[in-house]
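Below is one structure, written out as structure tokens; comments come after it.
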Amino acid sequence: MTSQLVQSVDWLTIAPPVLTAAVALAVLVADLFVPPERKRLLGWTAIGGLTAALALLVPLRAGDRSTFCLTPDTRVAACSYTADHFTLVVQLLVLGGALLTALLSLDETRERLPAGEYWFLLLSSAAGAALLPASRDLATLVVALEVASLPAFALVGLKRGDRMSGEAALKFFLSSVTATAVTLLGASFVYAATGTLHLTEIAQRLDDVPGQLQTLAEAGVALTLVGFAFKTAAVPFHFWVPDTYVGAPLPVAAYLSVVGKAVGFTGLILVTVVAFPSYADVWGPALAVLAALTMTAGNVAALRQASTRAWSAVRLLAWSSVAQAGYLLVPIAAAAYSSDDQIGATVAYALMYAVVNLGAFAVVALVARVRPRNRIEDYRGLYATSPAAALALAFFLLNLAGLPPGIIGLFAKVTVFSAAVDAGLGWLAVVMALNVVIALYYYLRWTALLFRTPEEAPREAPAEAPEETRERSPEGTRKGAAAPRRAPAPLTLAIALTAAAGAVLSGYPQFVLRFAASGLF
């Protein structure tokens with residue numbers, strides 16, 4: 001009996017999140033001893049740790065390992081941690097996104113943010129995000145979700161003395177705490193009805209729930225789905241997104257838009273497809289409606305962004321991320337009507353979105369070095385002063401719009417569209433098509449602005465703006481022609497890596513889209 005209670009641990013299987021967490025603790029301790037002038041070493045340590053964590057995915061590429069199982073035979077046992085292909089692809093997205101965020105953050109931590117705290121929080125959140133796709137029981141899933149979310153609250157509010165940053169952190173915290181409470185309540189109801197926390201066993205036992213517990217099981221399923229809808233920023237649980245992105249440091253906003261979104265969608269996929277397939281007739285239509293509402297609300301709000309409003313560039317990307325969440329929901333809803341293979345479309349789209357959205361935020365961070373208020377109008381004539389940055393941003397925006405030469409963006413949208421059609425959700429495919437047309441307008445409007453002739457205008461610094469946020473361009477600079485100062489090498493590297501990845505994937509989209517043609521579980 002004792003031998004059954006002692007579980008062996010496959011350390012290689014759990015190595016990526018464990019190494020990330022270990023480096024986070026090492027950075028936190030090292031911060032106590034590293035002198036201020038050497039704090040940059042902490043950032044490079046974090047980057048090295050994330051790179052090593054990514055390298056540890058290579059030995060796991062077969063996708064056939066599990067640990068923390070109920071019986072020694074992992075092939076038939078219910079396990080708490082599984083490194084299948086779905087897990088590895090999402091961990092690649094999460095750790096790669098955190099690595100690019102770290103590159104964007106090196107300059108910020110040197111000038112504006114406390115280095116030790118920042119790197120510890122970023123790595124801790126990344127460790128939780130890497131753990132979540134491998135979680136195969138509700139307890140591990142919720143713990144991983146909170147390990148990914150709690151450090152993110154602090155990251156958003158890390159700009160000390162900044163009122164907008166504090167407000168953004170508070171909104172993010174309150175919405176996430178509400179989502180966590182609802183998720184925990186739903187999970188407890190599901191456990192009470194089924195007597196197990198393992199997702200595969202929940203799926204089996206939900207089919208045979210006693211009649212007196214049927215209502216409890218249905219309430220648990222509904223509440224769990226609502227909790228994850230908060231995390232994915234689906235309408236009507238999206239209200240925290242724009243203010244949080246504007247108030248957060250730009251690298252943190254980039255991180256939330258990609259890694260934070262991946263966390264929510266991964267959890268949603270696991271609870272719907274793996275744990276609650278018997279309730280597909282309930283969550284399928286619900287997610288289809290949420291997808292339609294989310295993409296419509298996000299695109300309409302992005303369309304209404306005034307180009308002269310302060311931080312309108314970040315707000316547009318924030319609302320764009322809400323719209324993209326709607327597209328990501330489509331294949332999950334489609335899985336309720338056809339097969340689990342549809343989930344591959346969400347993974348493919350998420351990988352595309354991660355690459356190009358992080359690239360767009362990298363260029364925004366570059367322009368913010370000269371124009372901190374980050375208006376869309378500030379990008380007028382960017383090509384005249386920084387051709388490489390303008391071409392990169394144009395490429396990223398065209399990918400998000402689904403237009404050539406961003407072939408990977410086009411193919412990803414076609415894949416999601418096909419998932420809806422194949423599942424018989426014709427009405428949702430029509431709604432998506434209309435939303436893609438709406439999105440074309442604001443993406444192309446911003447893209448066209450990059451290549452317009454700059455207007456002559458003297459520098460204007462708002463009187464109420466604090467000294468550190470006033471635009472630092474010389475007198476007589478052309479209006480909108482935000483000529484960035486010499487970009488730091490890590491920021492340039494982040495832009496180059498995302499642009500290269502986008503170009504490679506556009507030339508060989510099957511590398512990502514093949515996941516849409518085969519099951520990941």
Side-chain angles (χ1 to χ4, degrees), residues 11-31 34 38-61 63 65 83 87-110 113 115-134 147-148 151-152 155 251-252 254-255 258-260 262-263 350-351 354-359 361-362 365 487-505 511-512:
W11 289 102
L12 180 60
T13 302
I14 64 174
V18 168
L19 177 62
T20 306
V23 175
L25 292 174
V27 167
L28 183 64
V29 174
D31 183 49
V34 176
R38 306 294 295 274
K39 294 291 187 183
R40 196 174 180 85
L41 290 175
L42 300 177
W44 288 111
T45 301
I47 289 173
L50 289 168
T51 304
L54 280 167
L56 287 171
L57 297 178
V58 177
L60 307 175
R61 61 187 181 277
R65 303 173 77 112
T87 298
L88 298 180
V89 172
V90 177
Q91 286 182 338
L92 173 65
L93 188 160
V94 165
L95 295 173
L99 177 60
L100 288 170
T101 302
L103 291 173
L104 296 181
S105 306
L106 279 174
D107 195 49
E108 289 281 330
T109 53
R110 186 181 65 179
L113 301 175
E117 295 95 320
Y118 182 87
W119 294 117
F120 169 72
L121 292 169
L122 179 65
L123 288 169
S124 298
S125 180
L131 171 62
L132 192 139
V147 172
L155 285 172
V252 176
Y255 178 82
V258 172
V259 178
V263 165
L351 286 170
V355 169
V356 298
N357 206 62
L358 282 170
F361 266 104
L491 182 55
T492 303
L493 178 61
I495 297 173
L497 285 175
T498 50
V504 169
L505 293 177
F511 181 77
V512 170

Measure across [X] and [Y] and return the closest heavy-atom pair with its distance rounded to 0.1 Å.
{"X": "L54", "Y": "G96", "result": "CD2-N, 3.8 Å"}
{"X": "V147", "Y": "G128", "result": "CG1-CA, 3.6 Å"}
{"X": "A98", "Y": "A126", "result": "CB-CB, 3.9 Å"}
{"X": "Q91", "Y": "A134", "result": "NE2-CB, 4.4 Å"}
{"X": "P59", "Y": "L12", "result": "CB-CD2, 4.0 Å"}
{"X": "V23", "Y": "G49", "result": "CG2-CA, 3.9 Å"}

Determine whether [X] and [Y] make a side-chain contact, defined as any pair of heavy atoms from C-beta on separated by less than 4.5 Å.
{"X": "L113", "Y": "S105", "result": "no"}
{"X": "V259", "Y": "S125", "result": "no"}
{"X": "L100", "Y": "L497", "result": "yes"}

Fill in: E117 and its side-chain contact (heavy atoms from CB on, under 4.5 Å) partner, picked from L28, L155, D31
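Testing E117 for a side-chain contact (heavy atoms from CB on, under 4.5 Å) against L28, L155, D31 leaves exactly one candidate, D31.
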
Fill in: V29, L42, L25 screened by side-chain contact (heavy atoms from CB on, under 4.5 Å) with F120, the one that passes
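Exactly one pass, corresponding to L25.
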
When you measure from the side chain of [X] to the backbone of [Y], do you find a donor-acceptor pair of N or O atoms at a distance under 3.5 Å?
{"X": "T498", "Y": "V355", "answer": "no"}
{"X": "Y255", "Y": "A152", "answer": "no"}
{"X": "K39", "Y": "G116", "answer": "no"}

Distance (rounded to the nearest 0.5 Å) between [X] [atom1] and [Y] [atom2]:
{"X": "L50", "Y": "L95", "atom1": "CG", "atom2": "CG", "value": "6.5 Å"}
{"X": "L88", "Y": "R65", "atom1": "CG", "atom2": "CZ", "value": "10.5 Å"}
{"X": "W11", "Y": "L56", "atom1": "CH2", "atom2": "CG", "value": "13.5 Å"}
{"X": "L358", "Y": "T101", "atom1": "CG", "atom2": "OG1", "value": "5.5 Å"}
{"X": "L132", "Y": "T87", "atom1": "CG", "atom2": "OG1", "value": "9.5 Å"}

Discussion item. I'd like to know whether L106 forms a side chain to side chain contact (heavy atoms under 4.5 Å, CB included) with I47, so could you lay out the CA-CA distance, the side-chain angles of the two residues, the decisive distance to 0.1 Å, and finally the verdict.
Written reply: CA-CA 10 Å; L106 279 174; I47 289 173; 3.7 Å; yes

Worksheet item: Under the side chain to side chain contact (heavy atoms under 4.5 Å, CB included) criterion, do L491 and L103 qualify, and how do the steps go?
Response: CA-CA 6 Å; L491 182 55; L103 291 173; over 6 Å; no

